[in-house]
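I have placed the structure first, in the form of structure tokens, so that the comments after it can refer back to it.
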Amino acid sequence: MQAELAGLVLIQDRLPGRVSTVLGVDAAYDDDGSRAFAAGALMEVATRTVLQIVSAEVPADFPYIPGLLSFREVPALEVALEKLTQAPDLVICDGQGIAHPRRFGLACHLGVLYDLPTIGCAKTRLTGEAATPAAARGSRAPLVDTGRTIGAVLRTQDGVKPVYVSPGHRVSLETACHWTLALCGQYRIPEPIRVADQIVGRMKRQAR
DNA sequence: GCGACAG
DNA sequence: ATCTTGTCGC
């Protein structure tokens, strides 16, 4: 299924010239692993203001299997995202885009599903090889898999562990890196993802 | 058979 | 993802 859907992914910039809102998404699970908490944080780029928070709690019936993460997370994210009252210009996800064994990570899945520009920004590697980027914020190294560049290992803060950036849908690698960097304030992780992460973290604690 | 493996 | 413990840098 992923190999087939990967054919629908567009790795070229097809996003507004003026990106004014970015949606950060994330999910978490209860101790049991059977309930999923998903959230989306819509941020206005110019002011760094959170315009809307959407969330959902649904049963998690698909297990976590490396390479199949989107089948665990997308059902919960769908319920949360359908509550948005305005479409985002860009979506940034906690997971890979095309830096995936079949070039169809979570960000691609969400991007194709909603036909929105998406970026994959993962904290660790799933596949591919890369050199260690220089220590300065903004430094990057190509992430290569079977002879093809599928993403970049990008340093978002001086001397801090880099993140794994890859196009999800309708964005180039260059644009994915640009926005990832632009959305990182004082931390390693882009602000919209951090906000979504905080939300699902609270939901998880409250359910316990 | 063994190691790797987003969240 | 989540949890726990040890280490590092400011």
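Keep in mind the model is a prediction, meaning the values are calculated, not measured. Chain identifiers are assigned alphabetically (A, B, ...) following the order of the sequence lines, protein sequences preceding nucleic acid strands; residue numbering begins at 1 within each chain.
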Taking it one step at a time, do A:Phe71 and A:His109 satisfy ring pair (Phe, Tyr, Trp, His ring centres under 6.0 Å)?
CA-CA 9 Å; A:Phe71 294 103; A:His109 199 141; 5.4 Å; yes
Could you check whether A:Gly120 gets within reach of a base, just the sugar-phosphate, or nothing at all, counting any heavy atom under 4.0 Å?
nothing
Taken to the nearest whole Å, CD1/A:Ile92 to P/B:dG7 is 13 Å
Mind calculating the distance between OH (A:Tyr164) and P (B:dG7) to the nearest angstrom?
10 Å
Report yes if at least one side-chain N or O of A:Lys123 is closer than 4.0 Å to OP1 or OP2 of B:dA6; otherwise report no.
no
If you draw the axis of the six-membered ring of A:Tyr187, does the NZ or CZ of A:Arg194 fall within 45° of it and under 6.0 Å from the ring centre?
yes
Are any non-hydrogen side-chain atoms of A:Ile11 and A:Ile98 less than 4.5 angstrom apart?
yes
Figure out the CG/C1' separation between A:Leu110 and B:dA6, and round it to whole Å.
13 Å
Between A:Gln96 (CD) and B:dA4 (P), how many Å, whole number?
18 Å
Which is true for A:Arg72 with a 4.0 Å heavy-atom rule: it touches a base, it touches only sugar-phosphate, or it touches nothing?
nothing
Using whole Å, what does the distance between atom C1' of nucleotide B:dG7 and atom CG of A:Asp26 come to?
8 Å
Contact boundaries on DNA chain C for chain A, cut-off under 4.0 Å to non-hydrogen atoms:
C:dA1 to C:dC3
Could you tell me whether A:Arg72 sits above the aromatic face of A:Tyr29, with NZ or CZ closer than 6.0 angstrom to the six-membered ring centre and within 45 degrees of the axis?
yes
Under the criterion side chain to side chain contact (heavy atoms under 4.5 Å, CB included), I'd like the reasoning laid out for A:Cys93 against A:Glu73: C-alpha separation, chi angles, the key distance, then a yes or no.
CA-CA 11 Å; A:Cys93 311; A:Glu73 307 220 327; over 6 Å; no
Under 4.0 Å between a side-chain N/O of A:Ser70 and OP1 or OP2 of B:dA6, yes or no?
no
Rounded to whole Å, how long is the line connecting atom CG of A:Leu68 with atom C1' of B:dG7?
12 Å
A:Arg140 and A:Glu174: CA distance, side-chain angles, deciding distance, salt bridge (Lys or Arg N to Asp or Glu O under 4.0 Å) verdict
CA-CA 11 Å; A:Arg140 68 175 96 155; A:Glu174 196 55 41; 3.1 Å; yes
Polar side-chain atom of A:Arg155 near backbone of A:Val160 as donor-acceptor pair, under 3.5 Å
yes
Provide, to the nearest angstrom, the distance between the CG atom belonging to A:Leu69 and the P atom belonging to B:dA6.
9 Å
Which whole-number value in Å describes the distance from A:Arg125 CZ to B:dA6 P?
8 Å
